[in-house]
Amino acid sequence: AQSVSQHNHHVILSEAASLELGCNYSYGGTVNLFWYVQYPGQHLQLLLKYFSGDPLVKGIKGFEAEFIKSKFSFNLRKPSVQWSDTAEYFCAVSQRGGSYIPTFGRGTSLIVHP
Amino acid sequence: GAGVSQSPSNKVTEKGKDVELRCDPISGHTALYWYRQSLGQGLEFLIYFQGNSAPDKSGLPSDRFSAERTGGSVSTLTIQRTQQEDSAVYLCASSLRQDNEQFFGPGTRLTVL
């Protein structure tokens, strides 16, 4: 069965620090990749997605992620975090040509201190 | 436009009672998903509806759980004879097609006493 691993469960940073959240998946075929974010008190919403093409994907609010097929990874990055980035971040992977049901990682709680 | 809505937002019930959770997806979205989110855990897939196809029920944890989607729109998740371990946030999501991004509702927080 497909699995998604997010290595960091809790991350605490100061404003202006750089962020990288790891995401690895186990499926060897073609995949669709997503990062979702849940701000305090809000719905889960899409941050960015990768289906094909340029493996460096840019999303909202200055976030980007790089798909490295050989490493089965889709790490999320932001050069300089803000207090408003405090949220829960979830990586999700779905199998193209399969059921398309996304498998989610356990999530990473990010706290940014002002 | 309107997003995914869920009702009730909170539900407190006694062990052994049945509960129904409702999801109104975005109009025109053919795919609908139910997930369960427990504290400190990721999203646990429960069931998936795609158009008029038979639902994928592979994530339902027991036969106490069931769901239906009427007219390709509104969905109801039913949990019979609730147990304390059923306490969680139940999330509904819809997508335009099965391979698109998902739009999530606010969730229903279920507490079983």
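Within the structure, side-chain hydrogen bond (donor to acceptor under 3.5 Å, both in side chains) pairs that include any residue of residues 69-81 of chain B comprise B/W34-B/S75 (at least two apart or interchain). Applying the side-chain hydrogen bond (donor to acceptor under 3.5 Å, both in side chains) test to every pair with at least one member in residues 100-114 of chain A, sequence neighbours left out, gives these pairs: A/Q2-A/T103, A/Q6-A/T108.
A salt bridge links A/E66 to A/R77: at least one charged side-chain nitrogen sits closer than 4.0 Å to a carboxylate oxygen.
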Using a 3.5 Å cut-off and no angle test, enumerate the donor-acceptor pairs between side-chain atoms of residues 30-40 of chain A and protein atoms at least two apart in sequence or in another chain.
unit_1 : atom_1 : unit_2 : atom_2 : d
A/N32  : OD1    : A/R96  : NE     : 2.6
A/W35  : NE1    : A/F74  : O      : 2.8
A/Y36  : OH     : B/Q102 : N      : 2.8
A/Q38  : NE2    : A/Q42  : O      : 3.3
A/Y39  : OH     : A/K61  : NZ     : 3.3

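No part of B/F103 comes within reach of chain A, as not one of its non-hydrogen atoms sits under 4.5 angstrom from that chain. Looking at A/L46, the atoms closer than 4.5 Å to chain B (heavy atoms on both sides) all sit in the side chain, from C-beta outward.
Not a single donor-acceptor pair under 3.5 Å links the side chain of B/D86 to the backbone N or O of B/V112.
Contacts of residues 10-27 of chain B with chain A at a heavy-atom distance below 4.5 Å are absent; not one residue qualifies.
Relative ring orientation between B/Y35 and B/F104 is described as tilted, the plane-to-plane angle lying within the 30° to 60° band.
Counted by atom type alone, B/D56 and B/S58 present one or more donor-acceptor pairs between their side chains at under 3.5 Å.
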